[in-house]
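Take a look at the structure below.
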Amino acid sequence: MSVLSPAGWLYGQVINLRNSLYDRDIFTSHPLGARTISIGNITAGGTGKTPLVAYTAGLLAENGEKVCILTRGYGREDSSKRVLVSDLERVLTDARTGGDEPVELATRLLRNAVVVADADRVTAAAWAKDKFGITAFVLDDAFQHRRAKRDLDIVCIDAMNPFGNGEVLPGGILREPLKNLARADVIVITRCNLVHDLPALRKQVAECAGDAKIFESSNTISGLREISEFGEGAPTGKKALAFCAIGNPSNFFKQLSLDGFEMVSKKPFPDHHYYSQEEIRKLEKRARNAQAEILLTTAKDAVKLAGLEFEMPCYAVESEMSFAEADAFRELISS
């Protein structure tokens with residue numbers, strides 16, 4: 001128990017009261033007028049949610065749906081404004097205006113999904129449906145955003161750190177009491193390839209998942225995209241400095257190690273951090289001192305590096321998600 005446990009208990013009670021008001025229809029959940037799938041977390045920090053949002057939107061697009069991703073867009077300069085991040089054909093804004101994760105999603109999903117950043121996802125949905133003829137919505141990070149009604153509620157659980165110390169913020173990493181996980185329709189355990197005792201973890205999740213269906217997924221590196229355009233060719237076997245500004249940087253570093261990259265230095269930044277030219281220079285100096293030959297970062301970070309100059313090769317690590325029961329998950333999303 002931490003010194004912040006009492007504050008966490010109080011916060012949990014407030015969250016439970018709010019949920020109760022929605023459950024009793026005192027607070028209203030508004031239908032968005034099209035099939036709606038929510039993908040969220042019960043914990044703070046990175047859980048592999050963004051790759052799952054992209055994966056789900058891709059499945060819907062393959063099924064012929066006109067897809068719109070609705071996201072709050074944490075970390076953008078003015079969160080009060082609605083920003084059309086992608087109109088299906090083009091990425092229309094930068095990460096500072098649209099948010100790093102929305103721009104990453106828009107880049108991944110060109111010609112597959114419209115992406116809108118707006119704190120008010122109900123009014124944003126009505127606007128997008130009218131403008132683009134949307135037939136399916138994917139709500140990004142919306143497990144706690146109950147004002148938007150959903151047909152399917154999916155929650156990500158990070159296999160590397162599923163529940164922290166089991167306490168609610170600020171005493172732990174839970175966004176709401178663990179028993180509320182039973183509200184989900186589907187639970188996806190992410191990064192299963194990074195843990196050894198998966199059966200024990202699945203049992204732990206099942207004990208608080210109620211009737212939710214549980215899926216196991218893995219994230220693997222699918223390729224590298226050069227950011228700095230040095231034309232160095234494949235970086236295989238080269239020593240690297242890895243840096244990132246994501247919720248759980250240790251997961252990124254571990255994935256690189258498992259995939260055979262030789263990291264001689266690592267530098268995490270706070271989630272949603274925006275880089276300056278001076279920071280890039282310091283990273284390159286640190287890399288040279290460690291005898292690194294290349295820089296490696298995430299696709300989420302790559303969208304924040306446009307316009308910055310590099311003196312050594314820098315690559316964005318691109319990953320893809322896979323499921324142990326891919327056909328069953330596809331059927332669930334498409335039904």
Let me confirm one number: the [atom1]-[atom2] distance from [X] to [Y], rounded to the nearest 0.5 Å.
X    : Y    : atom1 : atom2 : value
K49  : E101 : NZ    : CD    : 4.5 Å
L198 : R191 : CG    : CZ    : 14.5 Å
R90  : T107 : CZ    : OG1   : 14.0 Å
D185 : D211 : CG    : CG    : 10.0 Å
R146 : T28  : CZ    : OG1   : 11.5 Å
L174 : L169 : CG    : CG    : 7.5 Å

Give the minimum heavy-atom separation between [X] and [Y], together with the two atoms involved.
X    : Y    : result
G99  : R76  : N-CB, 3.6 Å
I246 : F252 : CD1-CB, 3.8 Å
G33  : K129 : O-CE, 2.8 Å
L70  : A125 : CD1-CB, 3.7 Å
P51  : R108 : CA-NH1, 3.8 Å
A128 : C68  : CB-SG, 3.9 Å

Hey, quick one: are [X] and [Y] part of the same hydrophobic cluster, counting side-chain heavy atoms closer than 4.5 Å, chains of contacts allowed?
X    : Y    : answer
M321 : V205 : no
V103 : I69  : yes
I37  : L181 : no
I227 : L110 : no
F163 : V168 : yes

Regarding [X] and [Y], is there a side-chain donor-to-acceptor distance under 3.5 Å anywhere?
X    : Y    : result
E176 : N19  : yes
D158 : N248 : yes
D23  : S20  : no

Using modelled atom types and a 3.5 Å cut-off, is there a donor and acceptor pairing between side-chain atoms of [X] and backbone atoms of [Y]?
X    : Y    : result
S5   : G171 : no
T190 : T47  : yes
R150 : A148 : yes
N193 : N219 : yes
E216 : I189 : no
R225 : A299 : no
S222 : E318 : yes
S257 : F253 : yes
D151 : T36  : yes
T71  : G73  : yes

* Could you walk me through whether I157 and V188 pass side chain to side chain contact (heavy atoms under 4.5 Å, CB included), step by step? => CA-CA 6 Å; I157 300 291; V188 176; over 6 Å; no
If we only count heavy atoms from C-beta on, is the [X] to [Y] side-chain gap below 4.5 Å?
X    : Y    : answer
Q255 : L194 : yes
V264 : L241 : no
D271 : K300 : yes
L152 : I333 : yes
L105 : V85  : no
M312 : S228 : no
N41  : V155 : no
N251 : N161 : no

* To do: Take D153 and V186 through the side chain to side chain contact (heavy atoms under 4.5 Å, CB included) test and state the conclusion after the steps.
  => CA-CA 6 Å; D153 223 337; V186 177; over 6 Å; no
* To do: I would like to know whether K179 and N16 meet side chain to side chain contact (heavy atoms under 4.5 Å, CB included); could you show each step before the answer?
  => CA-CA 10 Å; K179 67 177 184 178; N16 284 340; 4.0 Å; yes
Would you say that more than 12 heavy atoms from the other residues, nucleotides or ligands in this model lie under 6.0 Å from the [atom1] of [X], or not?
X    : atom1 : answer
K304 : NZ    : yes
Q291 : CD    : no
K254 : NZ    : yes

* To do: I would like to know whether R35 and E65 meet salt bridge (Lys or Arg N to Asp or Glu O under 4.0 Å); could you show each step before the answer?
  => CA-CA 10 Å; R35 178 165 171 76; E65 303 286 359; over 6 Å; no
* **Partners passing ring-ring contact (aromatic ring centres under 6.0 Å, His included) against F27 (at least two apart in sequence or in another chain)** =>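 ring-ring contact (aromatic ring centres under 6.0 Å, His included) check on F27 returns Y22.
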* Asked: Residues in ring-ring contact (aromatic ring centres under 6.0 Å, His included) with H272, at least two apart?
  ->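 Listed in chain order: nothing, the list is empty.
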* What pairs meet the side-chain hydrogen bond (donor to acceptor under 3.5 Å, both in side chains) rule with one or both residues in residues 325-335, with sequence neighbours excluded? ->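 Found E62-R330.
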* Pairwise side-chain hydrogen bond (donor to acceptor under 3.5 Å, both in side chains) hits with a residue in residues 114-126, at least two apart ->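 Listed by first then second residue: R82-D118, R82-T123, D120-T123, D120-R147.
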* **Pairwise ring-ring contact (aromatic ring centres under 6.0 Å, His included) hits with a residue in residues 273-298, at least two apart** =>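 Of all non-adjacent pairs touching residues 273-298, those that pass ring-ring contact (aromatic ring centres under 6.0 Å, His included) are F243-Y275, F269-H273, F269-Y275, H273-Y275.
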* Asked: Do any pairs count as a ring-ring contact (aromatic ring centres under 6.0 Å, His included) and have a residue in residues 97-141, sequence neighbours left out, and if so which ones?
  ->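 Applying ring-ring contact (aromatic ring centres under 6.0 Å, His included) to every pair that reaches into residues 97-141, excluding sequence neighbours, yields nothing.
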* To do: Dump the intermediate steps for salt bridge (Lys or Arg N to Asp or Glu O under 4.0 Å) on E279 and K267, then the final yes or no.
  => CA-CA 11 Å; E279 285 172 325; K267 175 60 178 175; over 6 Å; no
* Sole residue of D301, L296, L256 in side-chain contact (heavy atoms from CB on, under 4.5 Å) with C244 ->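 Of the listed options, the one satisfying the test is D301.
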* Asked: Can you say whether the rings of F215 and F323 are parallel (under 30°), tilted (30 to 60°) or perpendicular (over 60°)?
  ->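 F215 vs F323 ring planes: perpendicular.
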* Charged N-O contact under 4.0 Å between R281 and E284 ->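 Result for this pair is yes, salt bridge flagged.
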